[in-house]
Undergrad: 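Have a look at the structure that comes next, please.
Each chain gets a letter, A, B and so on, in the order its sequence line appears, and its residues count up from 1.
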Protein chains: 2
Amino acid sequence: MSEHQFSGRFTFEELTKEETPLRILQSTMHEMGSNGLTNLTTKNISQRANLSTGIIHHYFDTKDNLVYAAYVYLVKDLHQCSLEVGRTENDPKKRLLAMIRMNFSATHISQEARNIWPQFWAHAAYDARIERLLRAYYSRCHSNLTYNFRQLISDPQNAKMAANMLLASIHGVWFFHRFNAIPSEPEQAIAMLVAQLESLLATYQEH
Amino acid sequence: MSEHQFSGRFTFEELTKEETPLRILQSTMHEMGSNGLTNLTTKNISQRANLSTGIIHHYFDTKDNLVYAAYVYLVKDLHQCSLEVGRTENDPKKRLLAMIRMNFSATHISQEARNIWPQFWAHAAYDARIERLLRAYYSRCHSNLTYNFRQLISDPQNAKMAANMLLASIHGVWFFHRFNAIPSEPEQAIAMLVAQLESLLATYQEH
DNA sequence: GCGAAGTGATTGACTGGTTAGTCAATCACT
DNA sequence: AGTGATTGACTAACCAGTCAATCACTTCGC
């Protein structure tokens with residue numbers, strides 16, 4: 001049974017293999033992104049997917065479960081991307097650089113994610129179940145960064161600190177890039193984070 | 001007339017001078033923080049403030065205006081704090097350090113803010129009016145940081161880049177501190193950002 | 001082959017409950 | 001007597017979830 005079970009009826013994998021529940025999920029993500037959680041209705045979701053409202057409850061039982069499933073979908077997709085980075089790059093520093101770049105890539109994921117992440121954060125702030133999912137995702141990101149820093153920085157404590165700081169920096173730069181508050185060209189954002197990575201390595205690495 | 005007019009009836013200053021609208025505002029912020037925008041109702045707000053639902057519309061016309069006023073209140077309060085830092089500290093580096101510390105202080109503001117900021121971001125993601133307010137706030141923060149870095153870094157372009165990076169770092173560290181995803185002691189968070197500030201100065205400063 | 005019975009997908013009208021906003025009435029104070 | 005603050009019952013709209021009915025498709029006895 002899936003780690004990410006979210007309703008009594010099906011597991012995540014079973015659901016997304018089928019056509020209709022996947023359409024519902026994608027429609028939900030689109031609606032969440034463009035109108036926010038507050039204005040998310042089963043009517044809007046079903047209309048966008050050209051389905052009836054009833055079918056939503058057939059597959060997801062409640063609206064809450066559907067929204068949760070959307071976050072799981074988002075997180076799994078991104079995790080898949082980071083696994084791919086781990087496979088294609090064999091040098092730890094190259095992997096860190098690839099992970100930075102990944103966050104600003106223009107795949108369908110980022111385009112959708114751009115609008116959903118803020119809803120995700122807001123939801124996690126008052127819903128314990130959503131918060132657990134968010135924390136699990138960031139925890140995995142952090143482990144991933146730490147693993148790579150360990151191969152570049154001899155002191156494990158320093159490697160962990162470098163991972164902390166890079167994770168925070170990636171998040172911060174992505175955030176201001178998202179809201180166009182800092183020069184918002186992806187290239188500049190990536191350059192800032194590459195400089196940050198170099199700076200962290202220079203600080204913590206003993207040659 | 002106030003820069004922050006949000007309803008046809010009163011200006012922000014006129015409203016918050018009075019007892020009742022201020023109680024409504026604080027009650028709104030508390031409800032937003034604990035139950036999220038999605039579950040925010042005029043009934044809950046008025047009950048917490050020991051008032052009727054009607055009075056909310058008397059002062060704020062619509063719920064949207066009330067929520068907007070809550071964000072304005074939050075932002076103004078924080079801006080007030082940063083002005084105070086500017087007055088009490090006279091050294092640019094000390095001012096930057098004080099601004100870092102400010103974000104993790106346990107004043108009533110941060111306690112309330114902790115729960116409202118995620119709602120603010122989510123709301124800004126799909127509402128243009130809220131987005132403008134959020135951008136204006138971060139723009140002011142950025143100007144403030146840039147002003148202080150200018151006195152420490154001779155090249156204006158470098159000063160701006162340092163401000164970009166510190167702003168992003170503060171946001172990122174605050175975020176993970178907020179969600180307990182990175183070692184969440186305020187002292188450690190502040191120490192990370194102080195180190196980041198030192199590193200930025202070392203990189204961009206020519207002695 | 002073929003009809004019957006069964007199975008799960010899908011519909012959309014309907015319900016019970018909730019909500020933002022209205023408004024006539026009352027209250028407190030001048 | 002007048003003025004603004006405040007109340008809370010009321011309304012029109014909306015929404016999540018239900019359910020009986022239909023549809024598409026398979027299985028199986030003969």
Undergrad: Taking atom P of C:dG12 as reference, at what distance in whole Å does atom CG of A:N50 sit?
TA: 11 Å
Undergrad: Calculate the interatomic distance between A:I45 atom CD1 and D:dG17 atom P; express it in whole Å.
TA: 11 Å
Undergrad: Quick one: does B:R178's side chain get under 4.5 Å of B:N115's, heavy atoms only?
TA: yes
Undergrad: Hey, which of A:F179, A:F176, A:W121 is the one that makes ring-ring contact (aromatic ring centres under 6.0 Å, His included) with B:H171?
TA: A:F176
Undergrad: From CG of A:L66 over to C1' of D:dC15, roughly how many Å is that when rounded to an integer?
TA: 15 Å
Undergrad: Using the ring of each side chain (for Trp, its six-membered ring), is A:W117 parallel, tilted or perpendicular to A:Y137, with breaks at 30° and 60°?
TA: tilted
Undergrad: Which whole-number value in Å describes the distance from A:K43 NZ to D:dT18 P?
TA: 20 Å
Undergrad: Between D:dA5 atom C1' and B:F60 atom CZ, what is the distance in whole Å?
TA: 14 Å
Undergrad: Under a 3.5 Å threshold, yes or no: a donor from one side chain and an acceptor from the other, between B:S199 and A:S199?
TA: yes
Undergrad: Rounding to an integer number of Å, can you tell me how far B:I56 CD1 sits from C:dT19 P?
TA: 13 Å
Undergrad: A:L40 near the nucleic acid: base, sugar-phosphate alone, or nothing, with a heavy-atom cut-off under 4.0 Å?
TA: sugar-phosphate
Undergrad: Side chain of B:Y59 only, please: which of D:dG17, D:dA5, C:dT10 is the nearest?
TA: D:dA5
Undergrad: Under 4.0 angstrom, heavy atoms only, what part of the nucleic acid is A:L51 near: base, sugar-phosphate, or nothing?
TA: sugar-phosphate
Undergrad: Looking at C:dA20, D:dG17, D:dA9, which one has an atom nearest to any side-chain atom of A:T53?
TA: D:dG17
Undergrad: Let's go through B:Y73 and B:Y68 carefully: what are the C-alpha distance in whole Å and the side-chain angles of both, what is the deciding distance for ring-ring contact (aromatic ring centres under 6.0 Å, His included) to 0.1 Å, and is it a yes or a no?
TA: CA-CA 9 Å; B:Y73 185 87; B:Y68 185 75; over 10 Å; no
Undergrad: Would one find a side-chain N or O of A:S52 under 4.0 angstrom from OP1 or OP2 of C:dT10?
TA: no
Undergrad: Does the side chain of B:H58 get closer than 4.0 angstrom to OP1 or OP2 of D:dT6 through an N or O atom?
TA: no
Undergrad: Between A:K63 and D:dA16, is there a contact of a side-chain N or O with OP1 or OP2 at under 4.0 Å?
TA: yes
Undergrad: Does a nitrogen or oxygen in the side chain of A:T20 sit under 4.0 Å from OP1 or OP2 of C:dT10?
TA: yes
Undergrad: In whole angstroms, how far is the P atom of D:dA5 from the CD1 atom of B:I55?
TA: 7 Å
Undergrad: Is it true that B:E198 and B:K93 have a side-chain N and a carboxylate O under 4.0 angstrom from each other?
TA: yes
Undergrad: Considering only side-chain heavy atoms of B:T41, which listed nucleotide, C:dT19, D:dA16, D:dG17, is closest?
TA: C:dT19
Undergrad: Want to know the stems of DNA chain C: at least 3 consecutive Watson-Crick or G-U pairs with distances under 3.5 Å, which are they?
TA: C:1-30 with D:1-30
Undergrad: Using the salt bridge (Lys or Arg N to Asp or Glu O under 4.0 Å) rule, collect all pairs that involve residues 41-59 of chain B, keeping only residues at least two apart or in two chains.
TA: B:E31-B:R48
Undergrad: Provide, to the nearest angstrom, the distance between the CG atom belonging to B:N44 and the C1' atom belonging to C:dT18.
TA: 11 Å
